[in-house]
Number of protein chains: 2
Amino acid sequence: MARTKDPVVRSLLIDRAAQMLRTREPVTLRSLVAGTGVSTMAVYTYFGGMDGLWKALRQEGFSRLAAKLAAVAMSADPVRDLAALGAAYLSNALESPDLYRVMFDAGFELEDAAAADETLYCLVRAAERARETGRFRDDVDPVELATQSWAIGHGLASLVATGPLPRQALAHGVPLLTALFVSAGDDPGRCRRSIEQAWKAVLPATDELP
Amino acid sequence: MARTKDPVVRSLLIDRAAQMLRTREPVTLRSLVAGTGVSTMAVYTYFGGMDGLWKALRQEGFSRLAAKLAAVAMSADPVRDLAALGAAYLSNALESPDLYRVMFDAGFELEDAAAADETLYCLVRAAERARETGRFRDDVDPVELATQSWAIGHGLASLVATGPLPRQALAHGVPLLTALFVSAGDDPGRCRRSIEQAWKAVLPATDELP
DNA sequence: CACAATACATAGCATTGCTATGTTTTGGTG
DNA sequence: CACCAAAACATAGCAATGCTATGTATTGTG
């Protein structure tokens with residue numbers, strides 16, 4: 001027996017905040033609602049304050065990342081797929097670096113932690129397939145290998161997104177992932193071919209080191 | 001024919017800001033100068049504003065990191081030294097994670113960019129030595145290998161410092177660096193021994209995966 | 001229809017970073 | 001040594017920020 005929240009307002013605010021991040025406008029309480037017709041109180045009824053908005057924005061970032069990873073077509077070559085997921089991760093991070101920074105900001109509190117797990121499990125499943133098809137050794141733990149791939153991807157994405165490394169440095173992902181997958185048991189030549197193939201399909205712009 | 005700045009005040013403010021970061025107190029203009037006897041204007045005469053303070057704080061973070069890396073004793077085993085530098089990097093980042101986050105915040109503007117280069121050159125020199133002593137192949141570019149080591153270290157440090165991974169995940173550095181250095185030509189068994197030796201000397205707390 | 005719970009709008013508060021204004025110190029110069 | 005201008009220093013006040021308190025309007029339910 002009360003008024004119900006309008007989900008349109010909620011997603012409108014999140015989308016607008018993401019857009020303001022992309023255009024580098026400072027996202028403040030008043031600038032966020034300016035022009036939308038809603039008042040500042042909306043941020044409190046829907047998110048409980050600015051902190052809640054940032055948390056929801058992190059969630060949105062992980063949801064978009066999960067969608068990008070889910071859109072990567074799996075093939076008969078699980079190592080290629082693993083590299084394609086890594087390249088998609090980098091592509092997503094560099095496509096909207098400010099949202100990526102927000103995703104990994106302090107606290108790392110998410111409304112739904114399953115979204116972050118989902119992104120990791122994409123990698124875990126590909127690693128499992130690589131082990132089942134004999135590309136990786138039997139003693140390789142898919143979760144650990146996926147975590148290590150994540151560390152490589154996040155390291156490159158973060159260093160490029162925050163400035164110290166240029167965009168072309170993303171190409172370091174090829175030798176790094178090759179080294180990791182070869183250490184997991186894959187044949188060096190075959191591994192390199194799988195990875196380079198995936199890289200050019202997903203990150204065609206940055207396929208050469210400076 | 002004017003008054004000169006007192007360098008003591010400058011370093012006092014930087015040290016106090018670093019201390020407040022460590023104790024998780026919010027670093028604001030007024031809270032920073034509270035209790036120090038100096039007024040808020042000091043932040044403007046010495047740093048030109050809060051942005052300048054953050055920039056100086058980034059510089060301080062890189063200076064401390066450079067000191068930590070310089071304190072790592074070099075040995076006759078360049079691969080061990082390279083791993084020891086990586087472990088020291090992780091150790092420094094996790095010792096004061098808030099300062100580490102500030103170092104890689106937006107913009108990445110430094111007062112003296114040479115400090116950041118210095119940290120990378122520590123790794124480059126070790127990689128060069130590894131190549132000269134035959135541990136790495138001749139076609140290995142020391143700068144590229146150092147950059148790739150940096151990406152691994154930053155990825156792990158960032159994921160642990162911001163929350164998603166637990167402290168024990170730093171141990172992933174061992175298999176990751178091993179994979180990278182083996183891909184550079186080092187003998188697998190010898191490489192693993194060199195890295196584990198360095199790891200236990202610098203990061204004795206986190207030498208096992210969960 | 002009536003009511004109460006909740007969304008929504010407005011106004012005001014404490015705090016933030018910053019600037020304008022005045023005061024004091026100090027380093028070079030005749 | 002006396003002078004003075006330039007710069008450090010102190011204080012007050014401003015616009016903007018996030019938040020809360022208060023009042024109004026809306027709507028789902030009995």
Which residues pass the side chain to side chain donor-acceptor pair (under 3.5 Å) test with [X], not counting sequence neighbours?
| X | result |
| --- | --- |
| A:Glu128 | none |
| A:Asp186 | A:Arg135 |
| B:Arg192 | none |

Exercise. Does D:dA8 have OP1 or OP2 sitting under 4.0 Å from an N or O in the side chain of B:Thr45?
Worked result: no

Whole-Å distance separating the [atom1] atom of [X] from the [atom2] atom of [N]:
| X | N | atom1 | atom2 | result |
| --- | --- | --- | --- | --- |
| B:Arg3 | C:dT23 | CZ | P | 16 Å |
| B:Lys5 | C:dG27 | NZ | C1' | 15 Å |
| A:Phe47 | C:dC8 | CZ | P | 12 Å |
| A:Trp54 | D:dT17 | CH2 | C1' | 13 Å |
| A:Asp6 | C:dA9 | CG | P | 12 Å |
| A:Leu13 | D:dG18 | CG | P | 13 Å |

Return the polar atom pairs (N/O with N/O) between nucleotides 17-21 of chain C and the protein under 3.5 Å, or none.
from, atom 1, to, atom 2, distance (Å)
C:dG17, OP1, B:Leu29, N, 3.2
C:dG17, OP2, B:Leu29, N, 2.4
C:dG17, N7, B:Arg30, NH1, 2.6
C:dG17, O6, B:Arg30, NH2, 3.0
C:dC18, OP2, B:Tyr44, OH, 2.9
C:dC18, OP2, B:Met50, N, 2.8
C:dC18, O5', B:Tyr44, OH, 3.0

Problem set entry | Ring-ring centroid check B:His154 B:Phe104, cutoff 6.0 Å | yes

For this session: Not counting sequence neighbours, list each pair that qualifies as a side chain to side chain donor-acceptor pair (under 3.5 Å) and has a residue in residues 29-38 of chain A.
Result: A:Thr28-A:Ser31

Problem set entry | Results of side-chain contact (heavy atoms from CB on, under 4.5 Å) for B:Ser75 - residues two or more places apart only | B:Asp77, B:Arg80, B:Asp81

